[in-house]
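Notes for the one structure printed next.
Along the sequence shown, the residues carry numbers beginning at 1.
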Amino acid sequence: MNELQALLLGLVQGFTEYLPVSSSGHLELGKIILGPEAEAGGLTFDIVVHVATVLSTLVILWREVMWIFAGLFRFDGRMNDEQKYVINILISMIPVGIVGLFFKDYIESLYGDNVIVVVGCCLLVTSLLLALTHFYVPREKEKISRLDAFIIGIAQACAVLPGLSRSGSTIATGLLLGNSRKNLAQFSFLMVIPPILGEALLDFKHIFAPSAEYLAEHSGEMAVVPTSSLIVGFIAAFISGCIACKWMIALVKKCKLIYFAIYCAIVGVIALYCSTL
């Protein structure tokens, strides 16, 4: 993978991580379009750009993160709002934790070389979810309940499939449950930080100390990526992630997600058509 390919894929990852169009799906399509050399970036590059987008979340939402930590360790006889918020995030992590630890490799093995078909189908599902938020507007609740946090977590766990947008699934599910747009955007972006960092740590373990079984299953993903390409990809993903995160929060508050539904439908159909060629 050269620097130009890393730059383009980093921008794709950063812009699509927070927009409800599936970063993993666009990253896979981008690698296919850029050719085998870009696909050889594999696991290492994916981890680096994902960590970059997590850092962009911390930069854009630093006030909210500081608010959580300021109250998390404050004990005054009863549970405060910050501690309740953290509990909701932990609850939302349960489904994705189960899927990530026990079923991720199995799910990835199901689609194998048919990734473009999976991306196309999942983009159409993302489109449907986003369209539902445009036509169905329930009465808004002020706070996200623990049950809602768990259901939103299930939506996040389903987004392990490339093409099924993590932000799109969680935001659409939260809106359909009647949660406040303002609170939901913040919660949706903060809840993905622990799973992404946890997945990155597990993947780094496989990279630096791979087992024989892992090498056999993922030999094609273990290509060495030039350090310069990793740096370019990281910077591109971080900067574009900051822009997309801030933009998406504003969009969720205005609830104009129908345009992304149309976009996902178009790209999904194109991907399915290309898979037949």
Side-chain angles (χ1 to χ4, degrees), residues 13-27 29 53 57 60-61 64 85 88-89 91-96 99-100 107 118-196 241 244-269 271:
Q13 165 63 27
F15 278 122
T16 59
E17 178 66 37
Y18 300 105
L19 301 183
V21 295
S22 177
S23 62
S24 59
H26 278 72
L27 203 56
L29 293 177
T53 49
T57 307
I60 298 300
L61 298 178
E64 289 79 0
Y85 199 91
N88 277 353
I89 289 179
I91 290 173
S92 74
M93 290 170 53
I94 295 173
V96 74
V99 171
I107 292 172
V118 176
V119 169
C121 292
C122 287
L123 281 171
L124 293 179
V125 174
T126 299
S127 175
L128 177 61
L129 281 172
L130 295 175
L132 286 174
T133 67
H134 182 74
F135 296 105
Y136 175 69
V137 185
R139 184 177 179 181
E140 286 190 358
K141 297 179 286 188
E142 284 303 317
K143 293 186 178 181
I144 299 173
S145 69
R146 293 180 183 178
L147 177 59
D148 284 359
F150 184 74
I151 296 173
I152 294 171
I154 293 175
Q156 179 181 216
C158 293
V160 68
L161 292 169
L164 193 56
S165 169
R166 189 195 305 261
S167 62
S169 299
T170 55
I171 290 172
T173 300
L175 289 174
L176 293 173
L177 290 171
N179 289 287
S180 164
R181 297 181 182 91
K182 179 181 179 181
N183 295 333
L184 184 60
Q186 173 184 308
F187 182 77
S188 176
F189 293 151
L190 290 175
M191 68 181 280
V192 306
I193 294 176
I196 290 179
C245 183
K246 196 166 186 177
W247 185 26
M248 191 59 202
I249 291 174
L251 283 173
V252 172
K253 291 177 182 178
K254 296 177 181 178
C255 204
K256 293 182 178 180
L257 303 181
I258 188 64
Y259 304 112
F260 293 106
I262 297 171
Y263 171 82
C264 287
I266 293 172
V267 177
V269 170

**Report entry** Pair Val267-Leu29, side chain to side chain contact (heavy atoms under 4.5 Å, CB included): steps then yes or no
**Finding:** CA-CA 10 Å; Val267 177; Leu29 293 177; 4.0 Å; yes

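- The two residues Leu164 and Ser22 come nearest to each other via the heavy atoms N-OG, 3.8 Å.
- Under the 4.5 Å side-chain criterion, counting only non-hydrogen atoms from C-beta, Cys264 is not in contact with Leu124.
- Here the CZ atom belonging to Arg146 is positioned 5.5 Å from the CD1 atom belonging to Ile91, to the nearest 0.5 angstrom.
- Heavy-atom neighbours of Lys141 NZ from other residues, nucleotides or ligands within 6.0 Å: above the threshold of 12.
- Of all non-hydrogen atoms in Ile171 and Ser188, the two that sit nearest each other are CG1-OG, 3.5 Å.
- Looking only at side-chain heavy atoms (C-beta outward), Leu176 and Thr133 come within less than 4.5 Å of each other.
- A heavy-atom distance below 4.5 Å is not found between the side chains of Asn88 and Ile152.
- A pairwise comparison of heavy atoms in Ser167 and Leu19 identifies OG-O, 3.3 Å as the closest pair.
- In this structure, the separation between OG1 on Thr170 and CG on Asn179 is 11.0 Å, given to the nearest 0.5 Å.
- Of all heavy-atom pairs between Ala131 and Ile258, the closest is CA-CD1, 4.1 Å.
- Judged purely by atom type and a 3.5 angstrom limit, Ser169 uses its side chain to pair as donor or acceptor with the backbone of Ser165.
- Taking the six-membered ring where the residue is Trp, His26 and Tyr263 present parallel rings, their angle staying beneath 30° rather than reaching 60°.
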Query - side chain to side chain contact (heavy atoms under 4.5 Å, CB included) between Leu257 and His134, intermediate numbers included - result: CA-CA 7 Å; Leu257 303 181; His134 182 74; over 6 Å; no

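- Val96 pairs by the side chain to side chain contact (heavy atoms under 4.5 Å, CB included) definition with Gln156, Ala157, Pro195, not counting sequence neighbours.
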Report task. Run the numbers on Leu161 and Cys122 for side chain to side chain contact (heavy atoms under 4.5 Å, CB included), then give the verdict. Result -> CA-CA 7 Å; Leu161 292 169; Cys122 287; 3.8 Å; yes

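- Closest of all the heavy-atom pairs between Phe15 and Ala244 is O-CB, 3.5 Å.
- By the side-chain hydrogen bond (donor to acceptor under 3.5 Å, both in side chains) test, Thr16 pairs with no residue at all, sequence neighbours left out.
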Query raised in the report: For Val21 and Thr126, what are the C-alpha separation, side-chain angles and deciding distance, and is it a side chain to side chain contact (heavy atoms under 4.5 Å, CB included)?
Result: CA-CA 7 Å; Val21 295; Thr126 299; over 6 Å; no

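- The shortest distance between side-chain heavy atoms of Pro162 and Val118 falls below 4.5 Å.
- Here the shortest heavy-atom pairing between Ile262 and Ser127 reads N-OG, 4.5 Å.
- Checking side-chain atoms of Ser92 against main-chain N and O of Gly153 turns up no donor-acceptor pair under 3.5 Å.
- Considering only heavy atoms from C-beta on, Leu177 stays 4.5 Å or farther from Ile144 through its side chain.
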